[in-house]
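Written out below as structure tokens is the structure these notes cover.
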Amino acid sequence: MPGVQRFVERFTPDEERILRHFFTNTGGSTFATKNLPQETSAALFARYSRSQMSVRRLFLAEFIRDPDTGKVDEGFDELLSAIDTVERNRVGGKRAKGFFARVIAQYGDDSVIDMGGTHVAIEGVDQIEAKLIEDSRLAGYIEKSTRYMDFTGKLRIDNEGFVVGPSGDSSGNYLYKEYPEVQASTLGSKYTYTMDRLFETVRALQGPVAKALNAALPLGEQVFTIEVGGEARKVKFDRIRSIQGIDADREERKARRAYETAIKAKTFDLTRGPLPASTITNIGMYASFRTYEYQIMKMLAASYPPINATAQAMHVELMGVSEPLMARVSSKHGDDMVSFLKKRESRLHELARSADAAADEAEAPNQDVELLIAESTATDWMDVAAATLFPYSKLGFRRLRRAVDQGIANETMSAAVRGSLNRRYKPPRSFEIPTFIFQWTGNFGIFRDLQRNRFTLQVRQDLTTDLGYDMPEAIVDSGMESTFRDAMEASKTMYADMLDLLPAYAQSAVTFAHRLRWLATMDLRQAVWMLQLRTGIQGHPDYRKLMQQTYRVLNDGFPDLVNSETMPHVDLNPHELERLAAAHRTENKLERLSRHDSSAE
């Protein structure tokens with residue numbers, strides 16, 4: 001069965017009448033929001049990452065309809081009429097555009113463009129496109145989650161290629177991208193067969209892995225926090241009924257739901273490996289028009305054909321939101337920038353090939369964490385301490401630095417982080433002085449997760465099958481090792497064939513489980529944030545392991561800078577059911593919200 005060539009839904013005339021007031025189009029896979037309060041847009045896109053629905057379908061289903069009756073909220077027609085009137089009578093009209101052009105000329109274009117921003121939905125892109133789109137610090141992104149969503153669900157596609165909805169049976173199309181150039185080549189049928197096989201492998205793994213997890217981590221042995229008389233008490237599930245003064249049935253229901261949620265999330269975590277880079281995802285994005293401008297130029301210059309088309313679609317939709325703010329993309333300035341970026345990328349590819357060919361030393365064994373450069377010395381921690389005190393001192397830095405002895409430095413470093421209640425507390429900016437550059441080697445799934453740490457510079461190599469792949473122990477425990485390995489071999493063969501015939505698309509055949517190298521640069525302040533966040537109990541086990549290794553490398557080399565006092569919330573412990581406690585807290589929050597809503601009626 002084929003994949004998906006375009007990710008666009010059909011909407012009824014009534015649905016289109018509603019949608020055209022709030023989105024820049026109703027028939028494309030890239031579009032921006034309009035006429036929506038920022039809180040509504042934020043809530044819509046947050047919900048988007050954990051929904052199988054497209055953002056427009058989600059808006060229709062959950063944001064304008066009564067959750068009980070399914071009817072459009074009362075008074076909505078009047079709202080649409082009012083918005084329509086405003087759209088027909090935009091304040092200022094053509095004069096506003098002329099005025100804005102003069103403002104840009106007088107006050108400087110970049111600073112003015114930075115003052116406007118909007119939400120954009122980019123649907124039906126593959127993982128390579130998604131990583132290129134998200135390669136920008138000054139923007140907010142949210143992407144369909146592999147932890148909470150089952151990517152093996154199929155779609156029904158009509159004869160004209162429109163997405164009708166989810167398939168209720170075994171028929172339908174898997175969520176991978178079909179590329180016209182690939183389908184028209186001699187590899188077309190093999191590509192479809194291989195992609196189907198990879199998705200079918202993920203689906204085949206899920207049941208046995210979930211069963212193995214249930215056996216290894218039985219519900220009765222799991223510990224939950226139960227509130228008893230205003231006091232939190234930790235208790236195993238099997239002991240909940242022994243507690244006096246609680247509604248045992250209700251507490252067991254919440255605990256069971258939390259357990260089922262945690263098992264499902266861990267199953268998705270452990271079985272996502274065979275998903276190929278062609279896997280379709282949806283992205284929600286918020287940025288200033290200045291960020292969009294440069295990002296679209298980078299996308300237009302990229303050597304991956306699908307991202308060029310996505311860039312053009314983004315530009316069209318953002319021009320519809322504000323033509324003056326996006327006009328430079330298609331100006332001479334924009335053309336020159338895109339041309340420069342294309343030439344630079346082409347030349348750097350050539351130089352890299354020359355350097356690769358000239359290399360005569362054998363590659364060292366792969367290390368997951370390799371510290372390449374540390375702009376730090378044994379005395380840097382004293383510099384950090386002095387810089388931390390500097391805003392509160394009356395001395396110049398050199399004199400202050402000489403006055404800071406080891407005792408003061410120890411106390412200062414401790415005071416900078418002492419009392420932080422959780423991992424989200426940040427140390428002072430003086431911690432930005434020491435800088436570290438790492439080479440990380442891990443599976444593509446890890447990179448996808450860690451790329452979200454915007455202020456840690458991460459530069460990856462192209463996806464290949466050359467470095468092998470990671471296979472979770474749970475796959476072996478479930479008896480599905482040979483199924484997993486067969487899928488990896490199919491991916492490797494497909495990648496090699498595409499590299500020969502269609503090299504621009506070869507990455508799409510590489511899976512989430514395959515390993516790659518990337519560089520990461522972070523200062524000490526960023527390291528405190530990232531290592532505490534990404535070693536947390538709720539993290540994916542793969543990236544938790546990589547971050548734990550990174551902490552140990554830094555702790556070995558710079559124990560005064562990186563230790564349990566400067567990073568008090570780094571978690572080096574193994575955890576078996578990462579999402580259990582969080583899922584149980586969510587159940588308790590939902591119960592409190594339900595009680596509040598009931599009392600308000």
Side-chain angles (χ1 to χ4, degrees), residues 361-390 397 401 404-418 420 423 425-443 446-447 449-451 453-461 467 515-536 539 541-574:
E361 294 182 11
E363 193 78 55
N366 282 335
Q367 294 177 247
D368 286 355
V369 179
E370 187 177 350
L371 182 60
L372 302 178
I373 298 173
E375 295 178 4
S376 181
T377 67
T379 58
D380 262 357
W381 71 287
M382 302 282 279
D383 295 335
V384 176
T388 303
L389 293 175
F390 182 77
F397 181 80
R401 171 66 180 81
V404 173
D405 60 21
Q406 184 167 335
I408 293 176
N410 287 337
E411 283 296 310
T412 299
M413 295 294 279
S414 176
V417 294
R418 184 190 296 138
S420 62
R423 65 196 183 194
Y425 286 54
K426 296 184 178 73
R429 286 194 167 182
S430 54
F431 276 50
E432 294 176 11
I433 290 174
T435 301
F436 311 100
I437 302 177
F438 289 96
Q439 176 179 285
W440 284 334
T441 304
N443 61 63
I446 295 176
F447 177 82
D449 294 333
L450 296 186
Q451 189 196 26
N453 295 272
R454 299 286 159 220
F455 291 99
T456 300
L457 173 65
Q458 298 183 67
V459 182
R460 73 169 176 89
Q461 294 181 332
L467 301 181
R515 292 166 63 83
L516 75 152
R517 300 188 191 95
W518 70 102
L519 298 180
T521 301
M522 66 181 88
D523 57 45
L524 179 60
R525 189 168 187 245
Q526 292 163 353
V528 171
W529 169 262
M530 188 169 189
L531 296 181
Q532 293 191 143
L533 179 67
R534 296 303 175 193
T535 59
D542 286 353
Y543 73 62
R544 285 193 75 242
K545 181 180 177 182
L546 189 73
M547 293 297 95
Q548 288 169 342
Q549 289 176 272
T550 301
Y551 172 84
R552 291 187 179 102
V553 167
L554 288 176
N555 177 248
D556 287 344
F558 309 96
D560 291 318
L561 287 172
V562 180
N563 52 61
S564 60
E565 195 160 59
T566 57
M567 300 187 186
H569 302 291
V570 164
D571 186 347
L572 299 178
N573 299 307

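Given the structure is predicted, the values throughout are model-derived calculations rather than measurements.
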Under a 4.5 Å cut-off applied to non-hydrogen side-chain atoms, are Val553 and Phe438 in contact? yes
Would you call Thr566 and Pro427 a side-chain contact if the rule is heavy atoms closer than 4.5 Å? no
Which residues share a ring-ring contact (aromatic ring centres under 6.0 Å, His included) with Phe447, sequence neighbours left out: Trp518
Closest heavy-atom pair and its distance - Val404, Ala385: CG1-CB, 4.5 Å
Considering residues at least two apart in sequence or located in another chain, which fulfil the side-chain contact (heavy atoms from CB on, under 4.5 Å) criterion with Leu519? Leu372, Gln439
For residues 545-557, which residue pairs qualify under side chain to side chain donor-acceptor pair (under 3.5 Å), counting only residues two or more places apart or in two chains? Trp440-Thr550
Closest non-hydrogen atom pair, Met522 against Met530: CE-SD, 4.2 Å
Start with the C-alpha distance between Phe436 and Gln526, add both sets of side-chain angles, then the distance that settles side-chain contact (heavy atoms from CB on, under 4.5 Å), and finish with yes or no. CA-CA 10 Å; Phe436 311 100; Gln526 292 163 353; over 6 Å; no
Measuring only between side-chain heavy atoms, which start at C-beta, is Met547 closer than 4.5 Å to Asp571? no
With side chains defined as the heavy atoms from C-beta onward, is the minimum distance between Phe558 and Leu371 less than 4.5 Å? yes
Criterion side chain to side chain donor-acceptor pair (under 3.5 Å) on Glu565 and Ser414, from CA distance to verdict: CA-CA 6 Å; Glu565 195 160 59; Ser414 176; 3.2 Å; yes
Rounded to the nearest 0.5 Å, what separates atom CG in Asn443 from atom CG in Asp542? 4.5 Å
Where do Leu467 and Arg517 come nearest, in terms of heavy atoms and distance? CD2-NH2, 3.5 Å
CG-CG distance between Leu524 and Leu554, expressed to the nearest 0.5 angstrom: 8.5 Å
Starting at CG of Asn410, measure out to CG of Asp560 and round the result to the nearest 0.5 Å. 7.0 Å
Check side-chain contact (heavy atoms from CB on, under 4.5 Å) between Phe390 and all other residues, then give those that pass, not counting sequence neighbours. Phe397, Leu400
In sequence, state the C-alpha distance, the side-chain angles, and the governing distance for Met567 and Val562, and then conclude on side-chain contact (heavy atoms from CB on, under 4.5 Å). CA-CA 7 Å; Met567 300 187 186; Val562 180; 3.8 Å; yes
For the atom pair CG (Asn453) and OH (Tyr543), what is the distance rounded to the nearest 0.5 Å? 8.5 Å
Which residues satisfy the side chain to side chain donor-acceptor pair (under 3.5 Å) test with Thr388, sequence neighbours excluded? Ser430
Sequence neighbours excluded, the answer for side-chain contact (heavy atoms from CB on, under 4.5 Å) partners of Glu432 is Arg429, Asp523, Arg525
Can you name the nearest heavy-atom pair linking Leu546 to Thr441, along with the distance? CD1-O, 4.0 Å
Is there a side-chain contact between Pro574 and Arg544 in this structure, where contact means two heavy atoms from C-beta onward sitting under 4.5 Å apart? no
Which residue in the set Leu450, Thr456, Asp449 passes side chain to side chain contact (heavy atoms under 4.5 Å, CB included) when paired with Arg534? Leu450
Minimum side-chain heavy-atom gap Met413-Leu561 below 4.5 Å: yes
Separation between CD1 (Ile446) and CZ (Arg515), nearest 0.5 Å, reads 7.5 Å
